Trainee: 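Submitted below is the structure of interest, expressed as structure tokens.
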Amino acid sequence: MLKEALSEIQRGSAEIIDEQRIEKLLKAYFEKGETYTVKAGFDPTAPDLHLGHTVLLQKLALFQKYGARVQFLIGDFTAQIGDPSGKSATRKTLSALDILENAKSYKEQVFKILDESKTDVVFNSEWINALGAAGMLTLTTTFNVARMLERDDFDKRYKNGTSISISEFIYPLLQGYDSVHLMSDIEIGGTDQKFNLLMGRHLQRAYEVGKEQAVLMMPILEGLDGVHKMSKSLGNYIGVTEEPYEMFGKILSVCDELMWRYYELLSAKTLTDIEALKSGVKDGTLHPKKVKEELALEITARFHSSSAAQAAKDEFDRVHSNNQIPTEIDEFSSHEAVSITKALVDCHLTPSTSQARRDIKQGAVRINQEKIDNEALQLESGEYILQVGKRKFAKLKVN
RNA sequence: GGUGAGAUAGUCAAGUGGCCAACGACGGCGGACUGUAAAUCCGCUCCCUCCGGGUUCAGAGGUUCGACUCCUCUUCUCACCA
């Protein structure tokens, strides 16, 4: 039992620091029913969760299954600084109202995966504001610049002469202090968070909390392009609130190699099952597309329902495998005859008439399934199914 | 505070008086091929209903027949020195 739980927890993780401690906590839970806390921090600026976030969330949910209370921390204070991990993007400052608003939509999405009754949603501004200047100063005495500069991204930036703001030095300290205040037993985060996560251990020691949190790091999920990490700003993400059809289609569009990665990090299948699929594909008994469909169905069903997922698949087959028109298309109408180029823009199929003209020239545009090449075409009254490329459809009524 | 360098389309990055709507790369889109894949190959990639025209190269002025390219100021970024 304990072994099983432990191996489930290890699955997919990139690195675990102080694994013995996790084992002890689990043991205490199994033997005495003792609970413990697992902390994970989230940025209040991005309320749109995508599958990248769910890798962490699923791990948290797993901990909940084994006796953990999750400390779902919304870093409303730290967001004002901006995490120096990875890219340094300048942050917009959020109003208190925005943050509350975002937190609300977070909750709606998060509890599709997490058990609400075993989750505490907390905001770090609460205790960091209470810290005051004196407390902040004390915090800074626990660490020094040389060690801060050991951190890889700071090191690189320092050597490159890229600017590092003092407030960025403060960021990891504050994140670590969160662990002091919350007395977390375990903290989980992405591999890019390693430094910040370890800071929690360091500060718990410095503040003599009486324990040092174990740290579990999950790999960063690659986005649809298979290269960069999944992120909203790169546009390579699958949002958890997306429509079943979109979700299904996006998962199916990833390349085969990435599919295995998604299987490992997102699927509920056991590792042995996944291995079986892998070897099936390898020796040709399983078609990779089938395997990918299965994954797409599983994930779509998780955020919607299995019937919705199945419907998405049927629709997908209909449009893409059989080249038929989707069952639901956006409809537009016009009161007078319009040129084809204008119609394409009006129906949001192309961003500009210039683009519309190019698309026609390239043979991308179809009306009622017929490819057209006359860019001066006028649409007289009637009903038309307009199509650009393989994916974009619209229905236009001209009166 | 001083000195120097720079700001070019979604991103990176050429262009230093006309041949520039602006090389190239990436990304994106489309086509072929497929498993809506991936890889590969081909085309497109500021706007405008065609011909042709219009607006761009941080911003504002100026020099010139003509400026992304020269001059002045402004804003911002970066580097070096304090």
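In this text the structure is predicted, and so the values were computed from the model without any measurement. Per chain, numbering begins at 1; letters A, B, ... match sequence-line order.
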Trainee: Not counting sequence neighbours, which residues clear ring pair (Phe, Tyr, Trp, His ring centres under 6.0 Å) with F123(A)? List them please.
Mentor: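 So F123(A) forms no ring pair (Phe, Tyr, Trp, His ring centres under 6.0 Å) with any residue.
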
Trainee: Do T119(A) and Q64(A) have side-chain N/O donor and acceptor atoms under 3.5 Å apart?
Mentor: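 There is such a pair (donor and acceptor under 3.5 Å, judged by atom type) between the side chains of T119(A) and Q64(A).
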
Trainee: Mind calculating the distance between CG (L286(A)) and C1' (G35(B)) to the nearest angstrom?
Mentor: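 About 14 Å, once rounded to whole Å.
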
Trainee: Please figure out whether P288(A) or K392(A) has its closest RNA chain B nucleotide nearer the 5' end.
Mentor: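 First, find each residue's nearest nucleotide; the 5'-ward one identifies K392(A).
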
Trainee: Please collect all side chain to side chain donor-acceptor pair (under 3.5 Å) contacts where either partner lies in residues 362-386 of chain A, sequence neighbours excluded, each pair once.
Mentor: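 Output for this query is empty, none listed.
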
Trainee: Can you tell me, in whole Å, how much space there is between the P of C44(B) and that of C51(B)?
Mentor: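 Result for the P pair: 16 Å, nearest Å.
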
Trainee: Identify whether any heavy atom of K361(A) sits under 4.0 Å from a base atom; if not, whether one sits that close to sugar-phosphate; answer base, sugar-phosphate or nothing.
Mentor: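 Answer is nothing: K361(A) stays at 4.0 Å or more from every strand.
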
Trainee: Under 3.5 Å for both donor-acceptor distances, Watson-Crick or wobble: does C19(B) have a partner, and if so which one?
Mentor: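 Matched C19(B) with nothing under the 3.5 Å cut-off.
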
Trainee: Could you list the donor-acceptor pairs under 3.5 angstrom formed between side-chain atoms of residues 325-332 of chain A and any protein atom two or more places apart in sequence or on another chain?
Mentor:
{"unit_1": "T327(A)", "atom_1": "OG1", "unit_2": "E315(A)", "atom_2": "OE1", "d": "2.8"}
{"unit_1": "T327(A)", "atom_1": "OG1", "unit_2": "E315(A)", "atom_2": "OE2", "d": "3.2"}

Trainee: Is a donor-acceptor contact shorter than 3.5 angstrom present between the side chain of D256(A) and the base of G35(B)?
Mentor: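 Indeed, a donor on one side and an acceptor on the other fall under 3.5 Å apart.
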
Trainee: At what distance, to the nearest 0.5 angstrom, does NE2 of H181(A) lie from CE of M183(A)?
Mentor: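 One finds 10.0 Å between NE2 of H181(A) and CE of M183(A).
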
Trainee: Any chance you could list the contact pattern along nucleotides 43-51 of chain B? Use B for base contacts, S for sugar-phosphate-only contacts and - for none, protein heavy atoms under 4.0 Å, 5' to 3'.
Mentor: BSS-SBSS-

Trainee: To the nearest angstrom, how far is R366(A) atom CZ from G31(B) atom C1'?
Mentor: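 Result: 10 Å.
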
Trainee: Round to the nearest Å and state the distance from Q387(A) atom CD to C29(B) atom P.
Mentor: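 These atoms are roughly 16 Å apart.
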
Trainee: Considering Watson-Crick and G-U wobble pairs with both distances under 3.5 Å, what does C44(B) pair with?
Mentor: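 Its partner is G28(B) (Watson-Crick or G-U wobble, both distances under 3.5 Å).
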
Trainee: I need the single residue from R357(A), K361(A), Q355(A) that forms a side chain to side chain donor-acceptor pair (under 3.5 Å) with D359(A). Which is it?
Mentor: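 Result: among R357(A), K361(A), Q355(A), Q355(A) is the only option passing the side chain to side chain donor-acceptor pair (under 3.5 Å) with D359(A).
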
Trainee: Write down the distance between NE2 (H348(A)) and P (C29(B)), rounded to a whole number of angstrom.
Mentor: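 In whole Å, C29(B) P and H348(A) NE2 are 19 Å from each other.
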
Trainee: Look through every strand shown and name the nucleotide pairing with A9(B) as Watson-Crick or G-U wobble, where both distances are under 3.5 Å.
Mentor: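 Its partner is none (no Watson-Crick or G-U wobble pair with both distances under 3.5 Å).
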
Trainee: Provide the full list of side chain to side chain donor-acceptor pair (under 3.5 Å) pairs with a residue in residues 126-140 of chain A, sequence neighbours left out, each pair given once.
Mentor: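 Only W127(A)-D178(A) qualify under side chain to side chain donor-acceptor pair (under 3.5 Å).
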
Trainee: Provide the Watson-Crick or G-U wobble partner of U72(B), both distances under 3.5 Å; none if there is no partner.
Mentor: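 The answer is A60(B), by the H-bond criterion.
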
Trainee: Once you round it to whole Å, what is the distance between P of G28(B) and CG of D359(A)?
Mentor: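 So the two atoms are 16 Å apart, to the nearest Å.
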
Trainee: May I have the distance from N236(A) (atom CG) to G28(B) (atom P), rounded to whole angstrom?
Mentor: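 About 10 Å, once rounded to whole Å.
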
Trainee: Could you tell me how far apart D225(A) (CG) and G27(B) (P) are, to the nearest whole angstrom?
Mentor: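 About 9 Å, once rounded to whole Å.
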
Trainee: Please report the distance, rounded to the nearest Å, between CG in L344(A) and P in C29(B).
Mentor: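 From L344(A) CG to C29(B) P: 17 Å.
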
Trainee: Sorted by first residue and then second, give each salt bridge (charged side-chain N to carboxylate O under 4.0 Å, His left out) pair with at least one member in residues 213-225 of chain A; sequence neighbours left out.
Mentor: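 The answer is E222(A)-R261(A).
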
Trainee: Who does C78(B) pair with, Watson-Crick or G-U, both distances under 3.5 Å?
Mentor: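 Looking at the geometry, C78(B) pairs with G4(B).
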
Trainee: Under the ring pair (Phe, Tyr, Trp, His ring centres under 6.0 Å) test, which residues partner Y245(A), sequence neighbours left out?
Mentor: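 Result, ring pair (Phe, Tyr, Trp, His ring centres under 6.0 Å) vs Y245(A): none returned.
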
Trainee: Using the C1' atoms only, state how far A13(B) lies from C23(B), rounded to an integer number of Å.
Mentor: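 Comparing C1' positions in C23(B) and A13(B) gives a spacing of 10 Å.
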
Trainee: Strictly below 4.0 Å, heavy-atom distances to any atom of RNA chain B: list the hits from residues 237-253 of chain A, or just say none.
Mentor: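 G249(A), L252(A), S253(A), in order of number.
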
Trainee: Hey, what else clusters with V227(A) if you join Ile, Leu, Val, Met, Phe, Trp, Tyr whenever side-chain heavy atoms sit under 4.5 Å?
Mentor: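 Under the 4.5 Å side-chain rule, V227(A) groups with nothing.
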
